[in-house]
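Note sheet for the following structure.
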Amino acid sequence: MKRRIGILTSGGDCPGLNATIRGVAKACYEKFGEDVEIIGIHDGYYGLINGLCKEMKQSDFSGILTTGGTIFGTKRTPFKMMQVIEDDNVDKVKAMKATYKKQKLDCLLTLGGNGTHKTANLLSTEGLNVIGLPKTIDNDIWGTSVTFGFHTAVDTATDVIDRLHSTANSHGRILVAEIMGNKAGWLTLYSGIAGGADMIVIPEIPYDIEKLAEACEKRDSKGFSIMAVAEGAFDKAEAKMKKKERAKVRAEQGLTTATSRIAKQIEQMTGRETRVCIPGHMLRGGSPSAYDRVLATKFGVHAAELVAKEKYGYAVAMIKEVVSENKLVDVAGKTKFVPEDDQMVKYAKALGVSFGD
Ligand code: F6P
């Protein structure tokens, strides 16, 4: 009896998706030999709903360790908003179960972030055999100390911040870098520290613009400052608002993120020229770093081991530096934020980095 393993990638892409897929596939072919069939499901859950499936050959997994993106394609559209063959009345769960059954899958591996894990858990409670793998440059999946894609993005963001130093110095400017991360500030925190930012602004620590301006003034003799701001950062007044209200206020100000507002206010308050730099999706693109290739391989092989043990309903995770797994039900619907007393925050503050709090 052949095992039929479905794999999909869902949500925003990141470096290391292909390396993980390769890890799973190679380990499965090693373990099960001829007795395995891998089914690639295209465009995430959308493909599962619409039956976009392809039987893969072993050779399809060669040469993808170093490539960015995902060989299966992905869709970010939230599950509840998905259009199913232009017919929103289709029962999406039913459709996904039907594809799973039609493809005679023994299990489904879902590579994704928080939204993906939530849907994976839903399918698991519906009786499908599901294993989740933790992907995201945001590193915000609950229950795992690290996600693949994160460290590559840290490297890229650090390079961006590094490059801002010399130009900021030449012009005596304040350079504000907007780093991805709409809920959690891990990427900004790590790249900010690695890139020697003078101010780090993250959603978990609402900022006070006066404090940020003070920090810039304090550095005035140096002539320039580098500020790393998370895409999802908000100030203390916005912290009191509900998400919707905050979005409305921002829209009235013609803003989506706080970065340009921070730059403008800082310029007015300090009299020093500011510039904004938004690397955006560059942080999600390109080849995975060596660290992420290794991590993705470990996660992929671990998932294959779970398949061999028929241990389903779990999400692969790094727990206390050992690759392990959490129950999907425990992970679903949660976000791993930077804790207030995070050691990295403390160490950065000890260096004199301002968080604007
Ligand atoms: O979830 C990863 C992430 O890169 C976030 O940091 C960012 O806010 C979001 O995706 C951007 O998504 P999209 O590619 O849909 O614009």
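Quick note: residue numbers are just sequence positions, from 1. As the structure lists them, so they are numbered: ligands from 1, and atoms in each ligand from 1.
Scanning the protein heavy atoms around atom 16 (O) of ligand 1, the nearest turns out to be His281 NE2, 3.2 Å. At the shortest separation from atom 3 (C) of ligand 1 among protein heavy atoms lies Arg284 NH1, 3.5 Å. Considering only non-hydrogen protein atoms, atom 7 (C) of ligand 1 sits nearest to Glu231 OE1, 3.5 Å. Asp138 OD1, 2.7 Å is the protein heavy atom nearest to atom 6 (O) of ligand 1.
Nearest heavy atoms, Leu123 versus Met96: CD2-CE, 3.7 Å. Across all their heavy atoms, Cys216 and Ile266 have their closest contact at SG-CG2, 4.0 Å. Listed here is the closest heavy atom pair of Gly73 and Thr9: O-OG1, 2.8 Å.
Tested against Asp292 for a side-chain hydrogen bond (donor to acceptor under 3.5 Å, both in side chains), the candidates Thr152, Thr297, Thr147 yield a single pass: Thr152.
For a threshold of 3.5 Å applied to N or O pairs, the pair formed by Thr136 and ligand 1 contains no separation below that value. Between Gly181 and ligand 1, at least one pair of N/O atoms sits closer than 3.5 Å.
Side chain of Asp35 to main chain of Met1: no donor-acceptor pair is present (N/O by atom type, distance under 3.5 Å, no hydrogens or angles).
Atom numbering of ligand 1 starts at 1 in the shown order; those under 4.0 Å from a heavy atom of Ile137 are 4 (O). Proximity to Arg76 (heavy-atom distance under 4.0 Å) selects the following atoms of ligand 1: 1 (O), 2 (C), 3 (C), 9 (C), 10 (O), 12 (O), 13 (P), 14 (O), 15 (O).
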